[in-house]
Amino acid sequence: MEIHLWRELLIPYELAVKELVIKFNHLKKEHKEKDLYSPIEQVSGRVKTINSILEKMQRKNISWADLEEKVEDIAGIRVICQFYEDIEKVAEIIRKRRDMQVVEEKDYLTHMKESGYRSYHMIVLYHVETLDGPKDIRAEIQIRTLAMNFWATIEHSLQYKYKGNMPPHLKARLNHAAQSILLLDEEMSSVRSEVMDAQNSMLH
Ligand code: GTP
Ligand code: MG
């Protein structure tokens with residue numbers, strides 16, 4: 001496909017990513033303004049690169065006609081939480097919003113991937129208005145803790161070095177590290193609940 005056609009295809013995705021990042025950051029701000037704890041710690045977004053779209057189309061045998069429906073992460077948003085329990089709170093906020101229509105949810109929290117990857121994914125339809133008129137954009141929202149993000153970021157960059165052919169003993173070590181991440185998140189939640197109990201007993 002010609003470069004100017006790519007640009008044209010990706011423009012509404014760029015808009016969607018920008019708007020979604022603004023909206024999630026604003027949710028964090030709203031919590032702060034109301035003196036409420038924010039389940040959102042950090043937000044980022046990106047539009048998939050042309051190379052990476054082409055790679056996925058080849059890998060999954062996706063035709064040009066199916067591109068926008070089957071490559072679900074052309075628009076990608078990542079919401080990072082402090083604690084495991086925050087993930088469900090963010091998911092619930094998204095489910096209730098009228099500007100994001102959830103079409104799919106993938107629970108890699110209770111169903112960890114073989115690699116050890118954990119995260120909660122929501123595929124949403126998001127409406128944008130462009131010069132060419134209205135368009136519903138598919139976006140993938142990944143919700144995970146800081147600890148899960150630490151693991152996924154490093155695993156991804158190591159995986160990249162091996163171009164997907166990581167030796168089994170290294171895969172096993174990363175999987176083991178993922179177990180430690182799970183324990184770490186549990187321990188942090190436990191510490192937090194003790195802190196909150198202590199605060200409550202001081203109030204009463
Ligand atoms: P791709 O993996 O993107 O081809 O899509 P898929 O249709 O298999 O969807 P899946 O839900 O498996 O993955 C979607 C996204 O989750 C990926 O693009 C990554 O960003 C992330 N992800 C999935 N598995 C892993 C993993 O093992 N390690 C890391 N670091 N990220 C992963
Ligand atoms: Mg995958």
Side-chain angles (χ1 to χ4, degrees), residues 1 6 9-10 13-14 16-18 20-21 24 40-82 84 86-88 90-91 94-95 100-126 136-185:
M1 188 156 78
W6 272 114
L9 174 84
L10 295 179
Y13 288 88
E14 280 163 17
V17 166
K18 280 185 187 153
L20 285 165
V21 167
F24 283 110
I40 297 171
E41 174 63 19
Q42 198 177 298
V43 185
S44 62
R46 61 100 185 95
V47 174
K48 206 174 182 71
T49 62
I50 297 172
N51 278 342
S52 160
I53 295 172
L54 286 169
E55 180 276 321
K56 189 160 181 168
M57 286 174 74
Q58 276 191 341
R59 177 162 50 88
K60 303 201 149 189
N61 214 339
I62 296 168
S63 68
W64 289 103
D66 290 343
L67 167 58
E68 290 187 270
E69 197 179 324
K70 300 244 172 92
V71 183
E72 297 168 318
D73 64 338
I74 299 177
I77 303 294
R78 197 165 281 159
V79 179
I80 311 292
C81 310
Q82 290 188 20
Y84 179 83
D86 298 337
I87 297 174
E88 179 55 29
V90 175
I94 292 169
R95 290 184 199 111
M100 300 172 201
Q101 189 201 335
V102 179
V103 292
E104 197 182 345
E105 301 192 25
K106 299 185 199 172
D107 180 2
Y108 299 131
L109 297 171
T110 55
H111 304 276
M112 180 191 276
K113 296 194 75 162
E114 214 176 81
S115 58
Y117 177 77
R118 291 175 72 233
S119 206
Y120 198 81
H121 292 187
M122 299 176 99
I123 311 296
V124 301
L125 289 176
Y126 181 76
D136 284 325
I137 291 292
R138 211 168 278 270
E140 179 183 79
I141 306 174
Q142 302 181 339
I143 317 167
R144 52 170 86 139
T145 63
L146 286 160
M148 291 172 196
N149 192 49
F150 166 66
W151 184 94
T153 302
I154 292 175
E155 192 264 357
H156 182 262
S157 78
L158 295 178
Q159 202 64 256
Y160 197 82
K161 292 201 207 320
Y162 283 99
K163 299 193 173 75
N165 287 312
M166 187 181 286
H169 78 281
L170 291 179
K171 281 191 184 174
R173 289 179 73 180
L174 282 168
N175 197 290
H176 187 253
Q179 303 298 321
S180 308
I181 293 293
L182 204 159
L183 291 176
L184 183 59
D185 270 331

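Because only heavy atoms are used, hydrogens play no part in the values below, and waters and symmetry mates are left out as well, while side chains stay in. Every number for a ligand or one of its atoms is a count from 1 in the order of the listing.
Using a 4.0 Å cutoff on heavy atoms, Glu140 counts as a contact of ligand 1. Within the structure, ligand 1 has Gln142 among the residues with a heavy atom less than 4.0 angstrom away. A heavy-atom separation below 4.0 Å is found between Lys60 and ligand 1.
Residues Lys18 and Glu14 are not paired through a salt bridge, judged by the lack of any N-O separation under 4.0 Å between the basic side chain and the carboxylate. Ion pairing between a basic and an acidic side chain is recognised when a charged N comes within 4.0 Å of a carboxylate O; Lys106 and Glu72 show such pairing.
Residue contacts with ligand 1, taken as heavy atom pairs separated by less than 4.0 Å, do not involve Thr153 at all. Contact annotation for Glu72 and ligand 1: no heavy atom of the residue comes within less than 4.0 Å of the ligand.
Under the 3.5 Å distance criterion, the side-chain polar atoms of Asn175 are matched with a main-chain donor or acceptor of Glu114. In terms of modelled atom types and a separation under 3.5 Å, the side chain of Asp73 and the main chain of Ala75 share no donor-acceptor contact.
Heavy-atom proximity to Arg59, at under 4.0 Å, picks out these atoms of ligand 1: 1 (P), 4 (O). Every atom of ligand 1 is numbered from 1 in the order shown, and the set under 4.0 Å from a heavy atom of Ser115 is 26 (C), 27 (O). Near Tyr108, with a cut-off below 4.0 Å to any heavy atom, the atoms of ligand 1 are 10 (P), 11 (O), 12 (O). For ligand 1 and Ala152, the ligand atoms under 4.0 Å from any heavy atom of the residue are 30 (N). Applying the 4.0 Å criterion to heavy atoms of Asp73 picks out, from ligand 1, the atoms 3 (O), 18 (O).
Counted by atom type alone, Gln142 and Tyr108 present zero donor-acceptor pairs between their side chains at under 3.5 Å.
Enclosure of atom CZ in Phe150 is not indicated, since only 12 or fewer non-hydrogen atoms of other residues, nucleotides or ligands lie within 6.0 angstrom.
Across the listed options His121, Met112, Met148, Lys56, Lys56 owns the non-hydrogen atom lying nearest to atom 5 (O) of ligand 1. Comparing Trp151, Tyr160, Tyr117 by heavy-atom distance to atom 22 (N) of ligand 1, the nearest is Tyr117. Taking each of Glu155, His156, Gln159 in turn, the one with a heavy atom nearest to atom 29 (C) of ligand 1 proves to be Glu155.
Listed by first and then second residue, the side-chain hydrogen bond (donor to acceptor under 3.5 Å, both in side chains) pairs involving residues 145-157 are Arg144-Asn149, Thr145-Asp185, Glu155-Gln159 (not counting sequence neighbours).
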- prompt: Which is it for Leu182 and Met112 under the side-chain contact (heavy atoms from CB on, under 4.5 Å) test, yes or no, and what are the steps along the way?
  reply: CA-CA 10 Å; Leu182 204 159; Met112 180 191 276; 4.0 Å; yes
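Not counting sequence neighbours, Gln42 has no partner by the side chain to side chain donor-acceptor pair (under 3.5 Å) test.
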